[in-house]
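These notes concern the structure reproduced below.
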Amino acid sequence: MDKTFNAEEAEPRIYAKWEDEGCFAAGANKSRDDAFCIVIPPPNVTGSLHIGHALNNTLQDILVRWKRMQGFDTLWQPGTDHAGIATQMVVERELAETQQPSRAAMGREKFVERVWEQKEKSEGTILGQLKRLGCSCDWSRNEFTMSPNLSAAVLKVFVDLYNQGLIYKDKRLVNWDPKFETAISDLEVENIETDGHMWHFKYPLAGGATYEYVEKDEGGDVTLLETRDYISIATTRPETMLGDGAVAVHPSDERYAPIVGQLCEIPVGPKEHRRLIPIITDDYPDPDFGSGAVKITGAHDFNDNGVAQRGNIPCYRLMDTKGAMRADGGPYVDEAAKAQAIIDGAEMTANEIDAINIVPDDLRGLDRYEARKRVIDQITAEGLAVMVPADHPEVAWMKGTAPEWNALGRAKITPLEDGTDGPAVLPMVESKKIMQPFGDRSKVVIEPMLTDQWFVDAKTLAQPALEAVRNGTTKFAPQNWEKTYFNWLEDIQPWCISRQLWWGHQVPVWYGPDLITDDDASTNADRIEWDFKQPVPFCATSFKEAAADARRYYSGYFGNAQPKIFLAEDQTSAEAEHRGVRGIALYRDPDVLDTWFSSALWPFSTLGWPDKTPELDRYYKTDVLVTGFDIIFFWVARMMMQGIHFMDGEVPFHTVYINSIVVDGKGQKMSKSKGNVLDPLELIDQYGADATRYALASQEVQGRRTLRMSNQSVEGGRNFGTKLWNAARFAEMNEAYSAHGESVPEATATVNKWILGETARATAEVTRALDEYRFNEAATACYDHVWKVFCDWYVEFAKPLLGGEDEALKTETRACMAWALDQCLILLHPIMPFVTEELWGTLAQRQNPLMHATWPEFGAIADADADAEMGWVIKLIEGIRSVRAEMNVPAGAKIDLVLTGAGDTVSARLDRNRALIERLARLETSAVADAAPEGSVTIVLGDCSANLPLAGVIDVTAEKARLSKALAKAEKEAGGIEKKLGNQGFLEKAPEEVIEEQRDRLSAAQSEAARLNAALERLAAM
RNA sequence: GGGCGGUUAGCUCAGCUGGUAGAGCGCUUCGUUUACACCGAAGAUGUCGGGGGUUCGAAUCCCUCACCGCCCACCA
């Protein structure tokens, strides 16, 4: 055997062997009837896996390997996610970077083909990475969210929910991403605090009306009284003023009571076509904020939309899909002018009619931010900005510090009455931190937009999902995440599932025309009128079915003739198809579904649903979901909703284990832009998969949010592997190997009895830790047992025995060591599968690979006497070593040991373990005597003293100091315990065993102190 | 504004249901004795964030404050 494990060579070889032998297949190594199933959180096919994936998959693999060894019918279901928007973004970026035709230039079909190429490439990378990591997924079942089977499941779910009324189309305000030109869900919006401004503008009252504006302080005294011909509003988004439908004030706000119900003018655009909007009351405005009056822009603000809904205020969409002001000007808003124009016909030119559309000519096509500047400029130039003194504390706008577009001096500055120079009054612009919504992928500011979208009635689906966690059917580990889950589900909003993208599952809805017939139409198809203003939806899992539905629907219009149903590419071609054809053209909804819609089905779609497959029957519900907290809402909650709904109320998993987020050595979130990402493949290349896995597992603490990952921790993992490797090397050199059965060997020597017990203890500990998903504890238990117990002590103890004369003892020790080592390999295998498998195969010829070995369950094989005896031996050796080091006894020098105060037990212990003790403590002789030899150094060990005659080397002063220190410690301890035992309250209230323990400790401390005192006295006599 | 984590040895962190403060790394001193220098032996280092409380007893339970971090939230 080499001195170290060659991970680079061995790991791929071992993995290939496992794979070739079908070790990962569902049910492999099954020895019991119950199943254990984990579905992988499918990685996005956007690129490669990061260290967070490495953690997530290591934890899953640990559980899966462990359960498989326990004999469960185990399946780890692998797969990847098409990740709609993210993948489309990756491909679009790549097209741009390589100067290839853009998405639009390619067209939908070509582009989607191109994304499939990306999928193939990325999937290959990802699966390769998972294999390098050692993941024991059943690759024969590898899935993809857009595979034919899973797509069928998606369509069925959509159609079923549609038919149940749980999916519907609605015109609602949604989060619109102007970069990707699609709607996104609430969850895909990140609210980030940014520097913003709030402008204060005057909306003049219609017809020059005036009112007395009165402000009062808390005591009711008037602090301001003036006649106003306007209402002052504050806004952070002046460009949306054009879409205002009203100005709202709080019903209790006395300042504006006189003008509620009146009209005011939006001060933007050509004066002759400015819109008048009503001043209304609503509970939404906060009288203490701003001016207390809020402009209501129902189509571009969620709060305003609420007000608009309540007050029946019109909503005007101002922008196009890119967030630019509508080039078409939008709808007519001046109904009177429009009517006049129609009546007048030729009296008004097309341009003139155009001029009264909602977006004025000079703003059309402008980006929303450019439009904002123009609007501000226009209002300010007109003198309708609220002006304040330049030294007003709330005015942050100052020369040289304002945003560039505001610093151009566009504001009309009214000179001060005292005649001083300079801008004494300024437009009121408050600098303000505002929460701005950004697209989580696009990183651009999200625009609330009024559009037609598909929604899932999440509220209905959420109720059973809530109940399942409330009643413990599904549990979170750690449990505190349940609160997060509840908070979100309890206040869940309709889920917008349609995306205006190309990569994804296309909405299974086909639209037909809205037919209007007159009396004769049923016999004369030529007289049917149609349009697509209100298209008729046909929701079905295929065009064929949709066409059948359509045929039924439209047949009434065609008399006895069955209308022919055509599939058109889009609405435009559908309209074209109709001309001159005796039939109906349908076109499919071009939108695709939110990627999480298909991910939500993952636990059952991957098992074959909607077919009733044996796998579905066998493995659903699955057992544990291992995932990060960042997708509890996106994914976990939605799997719960869909799983319960479609699987007869059965939850998708009984446990959700929330793993940590991996951060760098400084605690910073890893990101490509920071350049602090740890590539799992690089770590594996450098240190091996086992080392990487160990580092991750040993630092995964349940309930902790972050896991700091560094090369140093992986080094530790590698060192541990090497340690194990060398222990095995020692065993091999000493022929302490053989393919034993699984039965525990017979032991007669205390040291062998002891290691059997230690092994059983470690096994129980690792099993318990894994049962509780305490990965760090499992890893640490393995580490301590392998390194500190097996290597540091047992191997050392075994050396004199294996090199001794007693053949029977030799044989027994070999057997025990071989067995104990095998158990180490078994225990460690889930965490470090490669090195353990390699050793398993190297040490002996075996029928099964280690990964199919049986996870042991030992009864009471620990021997209390052996434990006590070896504990004593270890303490003795440590004590001697410690003294030797302190007394500077040369390492090579062999000294003598004389035990005093030893009873039969201690004498017997010494006799039984003399070889080990003498060797490890480097003793010449060891014996029991009545009195300590002259000039001895004394170590107190409970009831007896270990005396080392070091007359030649002893430094009396140093030894006195050492003993005094030990004495002080013992006396301090004794004192503390005495105090405790003298406390009446303690004696009365503490449990008996605790009191007993304290008494034992006291007597031990007292006896130790006595022996130390005796040793000091002897020393004083020298 | 609400919620959730964290604050323990120089560094990174364990410490589960209250009962003798631990590990890894780093540091110091030894050391090549039939596995291992990716090693072995021996060491040093802690008012367990501050303040209160409950208790016979608190790193651990409760309250409160401070700081760091995350998540959710509609103040124009």
Side-chain angles (χ1 to χ4, degrees), chain A residues 1 3-5 191 198 233-237 248 284-286 288-297 301-307 432 434-435 478 480-481 483-484 487-488 491 629-630 632-633 661 663 665-667 669 687 691 698-699 701-708 710 712-713 715-734 768-769 772 774 776-777 780 783-784 788 791-792 795-796 799 802-803 877-878 881-886 888 890-892 919-920 922 973 976-977 980 983-991 993-995 997-998 1001 1005:
Chain A
M1 277 173 79
K3 271 197 167 185
T4 56
F5 173 58
N191 289 304
M198 193 157 77
I233 60 93
T235 180
T236 54
R237 301 206 51 200
Y284 165 60
D286 174 1
D288 297 326
F289 187 87
S291 68
V294 184
K295 65 194 260 322
I296 302 301
T297 320
D301 184 284
F302 286 96
N303 291 315
D304 292 6
N305 190 257
V307 179
K432 202 171 170 306
I434 53 173
M435 291 302 272
N480 54 296
W481 287 109
K483 201 163 179 174
T484 309
N487 287 346
W488 188 67
D491 188 34
F629 63 77
D630 48 340
I632 290 178
F633 303 149
I661 297 292
V663 297
K666 292 174 193 154
K669 210 169 174 176
Y687 302 103
S698 64
Q699 293 178 96
V701 181
Q702 188 180 128
R704 205 177 169 89
R705 298 293 180 88
T706 54
L707 186 163
R708 284 197 199 200
S710 62
Q712 199 180 55
S713 58
E715 243 172 67
R718 181 208 47 192
N719 295 353
F720 181 39
T722 306
K723 187 73 183 177
L724 175 71
W725 180 265
N726 280 292
R729 226 175 125 227
F730 175 84
E732 191 208 30
M733 286 168 163
N734 287 280
R768 180 205 58 83
E772 295 172 15
R774 298 192 179 271
N776 64 320
E777 291 178 10
T780 309
Y783 186 95
D784 287 348
K788 296 182 176 176
C791 292
D792 285 354
V795 167
E796 295 305 323
K799 281 174 184 174
L802 293 169
I877 293 167
E878 280 175 343
R881 281 172 171 174
S882 181
V883 164
R884 290 180 61 120
E886 276 184 64
N888 292 317
R919 182 189 174 101
L920 296 189
R922 304 198 60 70
E973 198 189 346
I977 301 167
K980 210 179 223 184
N983 184 332
Q984 207 48 42
F986 176 70
L987 293 177
E988 280 165 17
K989 298 188 178 168
E993 66 267 24
V994 172
I995 296 173
E997 194 189 329
Q998 294 298 321
R1001 281 186 54 211

Check: Hey, does A/Arg922 reach any base, or is it just sugar-phosphate, or nothing, if we go heavy atoms under 4.0 Å?
Finding: base
Next item on the list: State the OH-CG distance between A/Tyr284 and A/Asn303, to the nearest 0.5 angstrom.
Entry: 3.5 Å
Check: Which of these nucleotides, B/C36, B/C25, B/A35, is closest to any side-chain atom of A/Gln712?
Finding: B/C25
Check: With respect to the side chain of A/Ala727, which nucleotide from B/C38, B/A35, B/G40 is positioned closest?
Finding: B/A35
Note to self: Which is more 5' along RNA chain B, the nucleotide nearest A/Ala731 or the one nearest A/Thr484? Just name the residue.
What the structure shows: A/Ala731
Next item on the list: Whole angstrom is fine here: how far is it from CD in A/Gln984 over to P in B/G57?
Entry: 14 Å
Notebook entry, point to check: Charged N to carboxylate O under 4.0 angstrom, A/Glu796 versus A/Arg919?
Noted result: no
Next item on the list: Could you give the distance separating B/U64 and B/G24 at their C1' atoms, to the nearest angstrom?
Entry: 35 Å
Notebook entry, point to check: If only side-chain N and O atoms of A/Asn719 are considered, is one of them under 4.0 Å from the OP1 or OP2 phosphate oxygen of B/C39?
Noted result: yes
Next item on the list: Write down the distance between NZ (A/Lys723) and C1' (B/C36), rounded to a whole number of angstrom.
Entry: 5 Å
Notebook entry, point to check: Which base sits across from B/G1 as a Watson-Crick or G-U pair, both distances under 3.5 Å?
Noted result: B/C72
Notebook entry, point to check: Within the distance-only criterion (no hydrogens, no angle test), does the side chain of A/Glu715 pair as donor or acceptor with the backbone N or O of A/Ala691 below 3.5 angstrom?
Noted result: no
Next item on the list: Could you state the atom-to-atom distance from CD of A/Glu715 to C1' of B/C25 in whole Å?
Entry: 10 Å
Checklist line | Pair A/Arg1001-A/Glu997, salt bridge (charged side-chain N to carboxylate O under 4.0 Å, His left out): steps then yes or no | finding: CA-CA 6 Å; A/Arg1001 281 186 54 211; A/Glu997 194 189 329; 5.7 Å; no
Next item on the list: Could you please name the partner base of B/A66, counting Watson-Crick and G-U wobble pairs only when both distances are under 3.5 Å?
Entry: B/U7
Check: On a whole-Å scale, what distance lies between the P atoms belonging to B/A42 and B/C4?
Finding: 46 Å
Notebook entry, point to check: If only atom types and distance count, is the side chain of A/Arg884 paired as donor or acceptor with the main-chain N or O of A/Pro890 below 3.5 Å?
Noted result: yes
Margin query: Please check: side-chain N/O of A/Asn734 versus main-chain N/O of A/Phe730, any donor-acceptor pairing under 3.5 Å?
Written below: yes
Next item on the list: For A/Arg881, answer base if it contacts any base atom (sugar-phosphate contacts may also be present), sugar-phosphate if it contacts only those atoms, and nothing otherwise; contact means non-hydrogen atoms under 4.0 Å.
Entry: sugar-phosphate
Checklist line | For B/C30, the Watson-Crick or wobble partner whose two distances fall under 3.5 Å | finding: B/G40
Notebook entry, point to check: What interatomic distance, in whole Å, is found between C1' of B/C38 and the corresponding atom of B/G43?
Noted result: 23 Å
Item checked: Any A/Ser882 side-chain nitrogen or oxygen under 4.0 Å from OP1 or OP2 of B/G43 -> yes
Next item on the list: Under 4.0 Å between any heavy atoms, over every strand shown, what does A/Glu796 touch: base, sugar-phosphate, or nothing? Just pick one.
Entry: base
Check: With rounding to whole Å, what would you report as the distance between B/G46 and B/A23 at their P atoms?
Finding: 15 Å
Notebook entry, point to check: Which value, rounded to the nearest 0.5 Å, describes the distance between A/Glu878 atom CD and A/Leu920 atom CG?
Noted result: 11.0 Å
Check: Does a side-chain N or O from A/Lys3 land closer than 4.0 Å to OP1 or OP2 of B/C39, or not?
Finding: no
Next item on the list: Take the protein atom CZ of A/Phe730 and the nucleotide atom C1' of B/U34, then report the distance between them rounded to whole Å.
Entry: 7 Å
Note to self: Taking ring-ring contact (aromatic ring centres under 6.0 Å, His included) as the definition, give me every residue that meets it alongside A/Phe629, ordered by chain and number, with sequence neighbours left out.
What the structure shows: A/Trp481
Next item on the list: May I ask you to decide if A/Asn776's main-chain N or O and A/Thr780's side chain share a donor-acceptor pair within less than 3.5 Å?
Entry: yes
Check: Which nucleotide, in any strand shown, forms a Watson-Crick or G-U wobble pair with B/C16, with both distances under 3.5 Å?
Finding: none
Notebook entry, point to check: To the nearest Å, how far apart are A/Ile632 CD1 and B/C4 P?
Noted result: 14 Å
Margin query: For B/U47, give the paired nucleotide (Watson-Crick: N1-N3 plus N6-O4 or O6-N4; G-U: N1-O2 and O6-N3; both under 3.5 Å), or none.
Written below: none
Notebook entry, point to check: Quick check: does any side chain N or O of A/Arg774 sit under 3.5 Å from a backbone N or O of A/Val701, one acting as donor and the other as acceptor?
Noted result: no
Check: Does A/Thr297 offer a backbone N or O that forms a donor-acceptor pair with the side chain of A/Asp304 under 3.5 Å?
Finding: yes
Checklist line | A/Lys799 vs B/U34: side-chain N/O to OP1/OP2 distance below 4.0 Å | finding: no
Next item on the list: If a protein heavy atom is under 4.0 Å from the base, mark B; if only from the sugar-phosphate, S; if neither, -; do that for nucleotides 12-23 of chain B going 5' to 3'.
Entry: SSS-B--BB--S
Notebook entry, point to check: Pick the nucleotide of RNA chain B nearest each of A/Ala891 and A/Val883; which residue has the one closer to the 5' end?
Noted result: A/Ala891
Between N or O atoms, less than 3.5 Å apart, protein on one side and nucleotides 74-76 of chain B on the other: list the pairs.
unit_1, atom_1, unit_2, atom_2, d
B/C74, O2', A/Asn303, ND2, 2.6
B/C74, N1, A/Asn303, OD1, 3.2
B/C74, O2, A/Asn303, OD1, 3.2
B/C75, N3, A/Asp286, OD2, 3.4
B/A76, OP2, A/Lys432, NZ, 2.8
B/A76, O2', A/Ala234, O, 3.0
B/A76, N6, A/Asp286, O, 2.7
B/A76, N6, A/Phe289, O, 2.3
B/A76, N1, A/Asp286, N, 2.9

Notebook entry, point to check: Given atom CG of A/Asn726 and atom C1' of B/A35, what is their separation to the nearest angstrom?
Noted result: 5 Å
